[in-house]
K.L.:
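Below you'll find the structure I mean.
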Amino acid sequence: MTQETETKAKAGAVIIPVTLFEQNCTLIWCEATRKAVVIDPGGDVEKIRAAIKETKVTVEKIWLTHGHIDHVGGAAELRDALKVQIEGPHIADKYLLDNVVSSGARFGMTGVRNFGPDRWLDEGEQVSIGELTFDILHCPGHSPGSVVFYNKDMRFAHVGDVLFSGSVGRTDLPGGDHATLLRSIETELLTLPDETVVYPGHGPATTVGAERRSNPFFN
Ligand SMILES: [Zn+2]
Ligand SMILES: [Zn+2]
């Protein structure tokens, strides 16, 4: 997001790698209001809170791209600590949020909780933070309830584990489906402008144009 001058003036972002999965917990804020959102607080809540303090922004929301443990493990704890609301993912991921404790146990993650969001999200809805508004794109396939947060003005999309630089989300976990994932990416993401900056849930940022040209799953 910091790659564009226009964007820089409107918003800022910091990536906080969390959990043993090096998940890109992302703090995004509106420069005009310094109001912020934490996307996918998967764990390491103290580390996330330290980043918030250092950035000197006011977090008002937590957004979740999908229900996997590395993205939601710290969500309930952070919601309580900051007294903010959780928005997302799509209700099709409810079975994952109902089983955060058992998922965490498989990876030795303790202190996590099952929870529900304050608001489920669906295709065509919008969420906002400060003066920034994001469209919700429902992109099932990696998980049935995966959503993407797309800001049209800034040409920016946070895609969770739907699309990666040079790759796509895994579909071998329960509820995953490879054909559905490819269809989601083709219809919802590759139709966005080429210059759209893409922040994935793991690994480096990319752009829609770069993935359309060189992602092996679409060539
Ligand atoms: Zn995932
Ligand atoms: Zn992940």
Side-chain angles (χ1 to χ4, degrees), residues 13-28 37-45 47-48 51 62-78 86-117 120-123 136-150 157-185 188-189 197-206 211 215 217:
V14 162
I15 290 175
I16 311 146
V18 296
T19 79
L20 69 164
F21 300 98
E22 291 285 304
Q23 198 273 119
N24 292 333
C25 172
T26 308
L27 178 65
I28 294 178
V37 58
V38 176
I39 302 182
D40 289 356
D44 303 326
V45 170
K47 191 177 173 185
I48 297 170
I62 294 169
W63 293 344
L64 302 179
T65 61
H66 66 297
H68 286 152
I69 182 72
D70 53 324
H71 296 256
V72 308
E77 185 184 340
L78 192 65
I86 297 175
E87 298 179 325
H90 186 281
I91 196 166
D93 271 8
K94 182 175 188 298
Y95 73 104
L96 293 167
L97 301 186
D98 287 343
N99 290 285
V100 176
V101 173
S102 56
S103 304
R106 282 201 288 279
F107 303 105
M109 288 171 73
T110 54
V112 299
R113 272 184 281 153
N114 300 338
F115 65 95
W120 298 108
L121 298 174
D122 202 353
E123 178 75 23
I136 302 304
L137 312 177
H138 181 209
C139 294
H142 170 66
S143 75
S146 287
V147 295
V148 163
F149 297 91
Y150 173 56
H158 196 298
V159 303
D161 289 356
V162 172
L163 178 67
F164 298 113
S165 174
S167 189
V168 299
R170 60 188 288 186
T171 50
D172 57 328
L173 297 167
D177 185 84
H178 191 68
T180 303
L181 178 65
L182 296 188
R183 193 167 58 239
S184 288
I185 296 170
E188 299 276 4
L189 301 184
V197 172
V198 172
Y199 273 28
H202 305 265
T206 181
E211 296 315 305
N215 191 305
F217 287 88

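These numbers come from a predicted model, not from an experiment. Counting starts at 1 for both ligands and their atoms, following the listed order.
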K.L.:
Answer whether the closest heavy-atom distance between the side chains of V198 and E211 falls below 4.5 Å.
P.N.:
no
K.L.:
Sequence neighbours left out, what pairs pass side chain to side chain donor-acceptor pair (under 3.5 Å) with at least one residue falling in residues 173-183?
P.N.:
D177-T180
K.L.:
Applying the side chain to side chain contact (heavy atoms under 4.5 Å, CB included) criterion to H68, which one of D40, D93, L173, V100 satisfies it?
P.N.:
L173
K.L.:
By residue and atom, what protein N/O/S atoms are less than 2.8 Å from the Zn ion (ligand 2)?
P.N.:
D70 OD2, H71 NE2, D161 OD2, H202 NE2
K.L.:
Salt bridge (Lys or Arg N to Asp or Glu O under 4.0 Å): which pairs involve residues 161-171, sequence neighbours left out?
P.N.:
R170-D172
K.L.:
Could you tell me if the side chain of N215 sits less than 4.5 Å from the side chain of L163, heavy atoms only?
P.N.:
yes
K.L.:
Tell me the side chain to side chain donor-acceptor pair (under 3.5 Å) pairs involving residues 104-117, sequence neighbours left out?
P.N.:
D80-R113
